[in-house]
Amino acid sequence: MREPAKSKAARTIEVINRLAKAYPEAQCELNFANPLELLIATILSARCTDRQVNVVTARLFKKYRSPDDYAQSDPSDLELDLKSLGLYRNKAKSIQSCCRRLIELHGGQVPRTAAELMQLGGVGRKTANVVLGNAFNINDGIAVDTHVARLAGRLGLSAHKLPEKIEADLKKLVPQEKWTLFSHWLIWHGRRRCYARHPDCLHCEVNDLCPSAFRFD
DNA sequence: CTCCCGATAT
DNA sequence: ATATCAGGAG
């Protein structure tokens, strides 16, 4: 007699327990010293690796220390500083409009609600959730990036493609106090085991809980 | 939906 | 050569 299939809720809790044990040190891998730096770093992280972002921000954060520094800088100068990241024109434009509105609407301070963050240029749900969770320790949402989207699909936790819908599914399955950490666990697992191209299901800590395991050979 | 885009791994 | 990387705007 075979075990009845676990409910999705119970499976999610088991996945959380396993990944928490596998990655006890999981945390944000973008380097930052204050909320503004995390906001900028997260805008820059679109479609490029954290490692690349950290190389650029190491010198960027010495050159630009306040929203005014970004807002008043020559756009083409800022573009050059961001060139190695790709999408650098968009990112420069986003940072400048973001910092202008930061000054106009919030006195240069980074706001602490998703709605206010998303009114800033270049800031969507994912970036807002990252800043709230990692700069302010506010579990207001689950940051759904490329890794979280991919793993939520493979693990059978959401059948949707749109990040907002995936986030809504995950919020029902994950205890709110773990929303920020949950993103980190999936991201760390995505980077170290559940790769986009050839996931290492053989050594995966949750392969027995994963409906997609060993289907990538 | 398309566009933005360089660095890296395969 | 091609896929992928902490997405967001038009």
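A, B, ... follow the sequence lines: proteins, then strands. Residue 1 opens every chain. For clarity, every value in this text was computed on a predicted model and none was experimentally measured. Side-chain atoms are counted along with the backbone in the values below, which use heavy atoms only and exclude waters and symmetry mates.
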Whole-Å distance between [N] [atom2] and [X] [atom1]?
X         : N      : atom1 : atom2 : result
Lys91(A)  : dA6(C) : NZ    : C1'   : 10 Å
Ile40(A)  : dA6(C) : CD1   : P     : 19 Å
Asn54(A)  : dC5(C) : CG    : P     : 17 Å
Leu44(A)  : dC5(B) : CG    : C1'   : 14 Å
Asp145(A) : dT4(C) : CG    : P     : 14 Å
Gln52(A)  : dT4(C) : CD    : C1'   : 12 Å
Glu164(A) : dG7(C) : CD    : C1'   : 11 Å
Met118(A) : dG7(C) : CE    : P     : 15 Å

Describe the nucleic acid contact of [X] in one word from base, sugar-phosphate, nothing, applying a heavy-atom distance below 4.0 Å.
X        : value
Ser94(A) : nothing
Lys83(A) : sugar-phosphate
Ile43(A) : nothing
Val53(A) : nothing

Phosphate-side-chain proximity, [X] and [N], N/O vs OP1/OP2 below 4.0 Å:
X         : N      : result
Thr146(A) : dC5(C) : yes
Thr49(A)  : dA6(C) : no
Arg191(A) : dA6(C) : yes
Arg89(A)  : dC5(B) : yes

| query | Do Gln52(A) and Thr49(A) get their side chains close enough for a donor-acceptor pair, meaning under 3.5 Å? | reply | no

| query | Ser158(A) and Glu167(A): side-chain donor and acceptor closer than 3.5 Å? | reply |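 Side chains of Ser158(A) and Glu167(A): no pair found under 3.5 Å.
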
| query | Which sits closer to the 5' end of DNA chain B, Arg51(A) or Leu87(A), going by the nucleotide each is nearest to? | reply |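 The residue mapped nearer the 5' terminus is Leu87(A).
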
| Asn90(A) or His198(A): which one's nearest nucleotide on DNA chain B is closer to the 5' end? |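 Counting from the 5' end, the first nearest nucleotide belongs to Asn90(A).
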
If you measure from the [atom1] atom in [N] to the same atom in [M], how many Å do you get, rounded?
N      : M       : atom1 : result
dG6(B) : dG10(C) : C1'   : 23 Å
dT4(C) : dC4(B)  : C1'   : 15 Å
dT8(B) : dG8(C)  : P     : 24 Å
dA3(C) : dC5(B)  : C1'   : 14 Å

| query | Counting heavy atoms not belonging to Lys165(A), are there more than 12 under 6.0 Å from its NZ? | reply |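 Not more than 12 within 6.0 Å, no.
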
| field | Arg11(A) side chain to Leu209(A) backbone, donor-acceptor under 3.5 Å | value |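 Yes; judged by distance alone, with no hydrogens or angles, the pair exists.
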
Among the nucleotides [options], which one has an atom lying closest to any side-chain atom of [X]?
X         : options                : result
Ser84(A)  : dA6(C), dA7(B), dG7(C) : dA7(B)
Tyr88(A)  : dA6(C), dG7(C), dG6(B) : dG6(B)
Arg150(A) : dA6(C), dC5(C), dG7(C) : dC5(C)
Arg197(A) : dG7(C), dA6(C), dA9(B) : dA9(B)
His184(A) : dC5(C), dA6(C), dG8(C) : dA6(C)
Lys126(A) : dT8(B), dT4(C), dG8(C) : dG8(C)

| query | When the nearest nucleotide of DNA chain C is assigned to Gly121(A) and to Leu30(A) on a heavy-atom basis, which residue is associated with the more 5' position? | reply |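 So the residue in question is Leu30(A).
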
| task | Among Asn129(A), Asn137(A), Asn134(A), Asn139(A), find the residue that satisfies the side-chain hydrogen bond (donor to acceptor under 3.5 Å, both in side chains) test when tested with Thr180(A). | result |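 Single pass found, and it is Asn139(A).
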
| query | Which of these passes ring-ring contact (aromatic ring centres under 6.0 Å, His included) with His189(A): Tyr195(A), Tyr23(A), Phe182(A)? | reply |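 With His189(A) as partner, Tyr195(A), Tyr23(A), Phe182(A) yield a single ring-ring contact (aromatic ring centres under 6.0 Å, His included), made by Tyr23(A).
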
| message | side chain to side chain contact (heavy atoms under 4.5 Å, CB included), that's the test. Do Ile103(A) and Tyr70(A) meet it? Break it down for me. | response | CA-CA 11 Å; Ile103(A) 295 164; Tyr70(A) 293 106; over 6 Å; no

